[in-house]
Enquirer: 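Supplied in structure tokens, the structure appears directly below.
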Amino acid sequence: MKKILILPGDGIGPEIVAEARKVLDCLRENHGLQVEVEEGLLGGCAVDAEGAPLPESTLALARQADAILLGAVGGPKWDTIERALRPERGLLGIRAALELYANLRPAVLFPALAGASTLRPEVVAGLDIMIVRELTGGIYFGEPRGIRTLDSGERQGFNTEVYSESEIERIGRTAFEAARKRDGRVCSVDKANVLEVSELWREVMERVARDYPDVALSHMYVDNAAMQLVRDPRQFDVVVTGNLFGDILSDTAAMLTGSIGMLPSASLNAEGRGMYEPIHGSAPDIAGQGVANPLATIMSLGMMLRYSLNEVALAEQVQKAVESVVEQGLRTADIAAPDTRAVSTAEMGDAVVAALN
Ligand code: NAD
């Protein structure tokens, strides 16, 4: 039986994860889903309880799990502690330990929420993009790196953008596979007019494309991609790019949809095991008030069903249930129009469960 590890984390993490848990329990009780579920500590709560953001016990559970559902980590309480103990280190530690190199971030705008975007509704209505970001390579990890003092006495900071062919190929395959289940188009984003690493990136993407004759590959320079994302975002289906460019473009794409509380993500390794989490943080400003939007976390569970548990039909049911509560007009405060009644975190979770049943 597949194993799921749940890591509620800090801030609003436990509140939103509790709602995803209701959905998970409903799938187990009424929809035939067979999984084992464990819970663990990650982030600031783990620092408080065990003295480390990623305790050995959590790491051991993570290594055994087929999939991990994470709420969010961090908060002001841990902002000033020693760097190695910061909650975010726990997150990076799991990503590294499980080699979660493929970050999948869908940016989908529900028609009923077109008004929430900062772009005009006619530009974004029906938006459905999948950003595939390489997560364990590139300039964030490249060596050499550091700050050195030059002969002149001036200090110089330096980092290295590196990608090997195998790293490019595996993220390419993730993107092409994803495109096959969508609209069959991959746009690879690079800076091949300036960077050698991008030249290789482009060459390898072309090579991978030959194995996917049913998927159309195009290339775009990152500066143009940033412009096109806000000019005409619906031209994209799957966008694949490296760690640095993906970091920036995925946040841009996220904001097109208007609400950070509506966006799930998946980080996968070569065996399809993965960590699933909302893209937002622990929202300390609203933690403990029962007002956070649980839909990003519930849709992260949906992505888990699709990508790690191979339960595509259940994944679609979860997505439809979320769409239906949004269409019914249910809104947590972050997506509610001014002067309208917002529902609580728990009311939203209950509504999704009701829609599932
Ligand atoms: P944040 O995403 O937590 O919050 C940004 C804004 O969005 C806040 O006003 C918040 O109230 C709102 N918001 C976020 N999620 C929401 C939801 N589900 N429903 C309604 N409103 C929501 O970002 P931040 O304020 O920059 O960071 C807060 C903490 O979270 C920091 O400690 C940061 O390090 C951490 N963080 C963690 C992760 C993660 O766990 N993956 C990601 C980003 C930030």
Side-chain angles (χ1 to χ4, degrees), residues 4-30 37 39-45 68-77 87 91 106 108-110 112-113 115-116 254-255 257-266 275-305 315 317-357:
I4 297 178
L5 173 63
I6 297 188
L7 303 170
D10 309 313
I12 60 168
E15 300 167 45
I16 53 181
V17 162
E19 301 313 310
R21 181 84 203 231
K22 284 182 191 166
V23 172
L24 181 62
D25 289 342
C26 164
L27 293 174
R28 294 167 83 192
E29 281 156 29
N30 305 331
V37 183
E39 277 209 20
L41 295 173
L42 182 80
C45 58
I68 300 168
L69 182 69
L70 169 70
V73 298
K77 183 177 175 194
L91 205 56
V108 175
L109 185 64
F110 292 54
L113 294 178
M255 279 305 98
T257 69
S259 175
I260 196 168
M262 297 290 298
L263 296 167
S265 78
M275 182 153 75
Y276 298 81
E277 55 181 314
I279 69 155
H280 60 72
S282 58
D285 53 333
I286 57 167
Q289 299 173 19
V291 298
N293 187 343
L295 294 180
T297 314
I298 291 171
M299 286 188 281
S300 298
L301 174 67
M303 289 188 84
M304 175 194 289
L305 291 163
Q317 282 184 45
V318 170
Q319 188 66 21
K320 286 219 172 70
V322 170
E323 279 168 23
S324 89
V325 299
V326 172
E327 269 160 35
Q328 285 162 36
L330 265 80
R331 302 280 185 272
T332 41
D334 57 312
I335 50 172
D339 304 323
T340 56
R341 191 186 97 84
V343 300
S344 69
T345 308
E347 281 173 299
M348 190 60 113
D350 291 341
V352 174
V353 169
L356 260 180
N357 289 330

Enquirer: Answer yes or no: is there a donor N or O on one side and an acceptor on the other, between the side chain of D10 and the main chain of G44, under 3.5 Å?
Expert: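 Pair found, side chain donor or acceptor close to backbone of G44.
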
Enquirer: Looking at G288, is its backbone amide N or carbonyl O close enough to the side chain of E15 to form a donor-acceptor pair, meaning the two atoms are under 3.5 Å apart?
Expert: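 Yes; judged by distance alone, with no hydrogens or angles, the pair exists.
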
Enquirer: Please round to the nearest 0.5 Å and tell me the distance separating atom CD1 of I279 and atom CE of M299.
Expert: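 Output value for this atom pair is 10.5 Å.
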
Enquirer: Report the C-alpha distance between M255 and I260 in whole Å, list the side-chain angles of each, state the deciding distance to 0.1 Å, and finish with yes or no for side-chain contact (heavy atoms from CB on, under 4.5 Å).
Expert: CA-CA 7 Å; M255 279 305 98; I260 196 168; 4.1 Å; yes

Enquirer: Salt-bridged, K22 to D25, with N to O below 4.0 Å?
Expert: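 Result for this pair is no, no salt bridge flagged.
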
Enquirer: Under a 4.0 Å N-O cut-off, is there an ion pair linking K320 with E323?
Expert: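 Salt bridge between K320 and E323, a charged N being under 4.0 Å from a carboxylate O: no.
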
Enquirer: Below 4.5 Å, heavy atoms only, C-beta onward: do L305 and Q317 meet side chain to side chain?
Expert: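 The answer is no; the side chains never approach within 4.5 Å.
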
Enquirer: Working to the nearest 0.5 angstrom, can you tell me the gap between F110 CZ and I335 CD1?
Expert: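 If we round to the nearest 0.5 Å, F110:CZ and I335:CD1 are 8.5 Å apart.
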
Enquirer: So which atom in L24 and which in I6 form the shortest heavy-atom distance, rounded to 0.1 Å?
Expert: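 Scanning both residues, the minimum pair turns out to be CD2-CD1, 4.1 Å.
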
Enquirer: Is the closest side-chain heavy-atom distance between E347 and L330 below 4.5 Å?
Expert: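 When only atoms from C-beta onward are counted, L330 and E347 do not touch, as no gap falls below 4.5 Å.
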
Enquirer: Contact between L113 and T257 at the side-chain level, heavy atoms closer than 4.5 Å - yes or no?
Expert: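 Result no, sub-4.5 Å side-chain heavy-atom pair not found.
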
Enquirer: Could you tell me which non-hydrogen atom of G43 sits nearest to which non-hydrogen atom of V73, and how far apart they are?
Expert: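 Scanning both residues completely, I find the closest heavy atoms to be CA-CG1, 3.8 Å.
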
Enquirer: With sequence neighbours excluded, what pairs up with V291 under the side chain to side chain contact (heavy atoms under 4.5 Å, CB included) test?
Expert: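 Partners of V291 under the side chain to side chain contact (heavy atoms under 4.5 Å, CB included) test: I286, Q289.
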
Enquirer: Under the side-chain contact (heavy atoms from CB on, under 4.5 Å) rule, what do V352 and E19 come out as? Steps first, then yes or no, please.
Expert: CA-CA 9 Å; V352 174; E19 301 313 310; over 6 Å; no

Enquirer: Please report the C-alpha distance between I12 and H280 in whole Å, then the side-chain angles of each, then the deciding distance to 0.1 Å, and finally whether the side-chain contact (heavy atoms from CB on, under 4.5 Å) criterion is met.
Expert: CA-CA 10 Å; I12 60 168; H280 60 72; 3.6 Å; yes

Enquirer: Donor-acceptor check, side chain of R331 to backbone of V343, threshold 3.5 angstrom: yes or no?
Expert: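 Not a single qualifying donor-acceptor pair exists.
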
Enquirer: Could you check whether any side-chain heavy atom of E277 comes within less than 4.5 Å of a side-chain heavy atom of L91, counting everything from C-beta outward?
Expert: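 Side-chain contact under 4.5 Å: yes.
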
Enquirer: Main chain of A292, side chain of T332: is a donor-acceptor contact present, judged purely on distance under 3.5 Å?
Expert: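 No, because the side chain of T332 does not come within donor-acceptor range (under 3.5 Å) of the backbone of A292.
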
Enquirer: Is L356 close to N30 at the side-chain level, that is, under 4.5 Å between some pair of heavy atoms?
Expert: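 N30 vs L356: side chains apart.
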
Enquirer: Walk me through whether V37 and R28 qualify under side-chain contact (heavy atoms from CB on, under 4.5 Å).
Expert: CA-CA 11 Å; V37 183; R28 294 167 83 192; 3.5 Å; yes

Enquirer: Apply the side chain to side chain contact (heavy atoms under 4.5 Å, CB included) test between L70 and each candidate in T297, L42, L5; give the one that qualifies.
Expert: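 Going through the options one by one, the only one that passes is L42.
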
Enquirer: Over all heavy atoms of both residues, which pair between M262 and V326 is shortest? Give the atoms and the distance, please.
Expert: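 Residues M262 and V326, closest heavy atoms: CE-CG2, 4.2 Å.
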
Enquirer: Would you say the side-chain atoms of S282 pair up with the backbone N or O of G74, donor to acceptor, closer than 3.5 Å?
Expert: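 Checked: pair present.
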
Enquirer: As a test of understanding, state which of P8, S300, P278 forms a side chain to side chain contact (heavy atoms under 4.5 Å, CB included) with L69.
Expert: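 With L69 as partner, side chain to side chain contact (heavy atoms under 4.5 Å, CB included) holds for just one option, S300.
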
Enquirer: Rounded to the nearest 0.5 Å, how far apart are OG of S324 and CD of Q319?
Expert: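 Going from the OG atom of S324 to the CD atom of Q319 covers 11.0 Å.
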
Enquirer: Which pair of heavy atoms, one from A296 and one from P264, lies closest together, and at what distance?
Expert: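 Distance-wise, the nearest heavy atoms are O-CB, 3.5 Å.
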
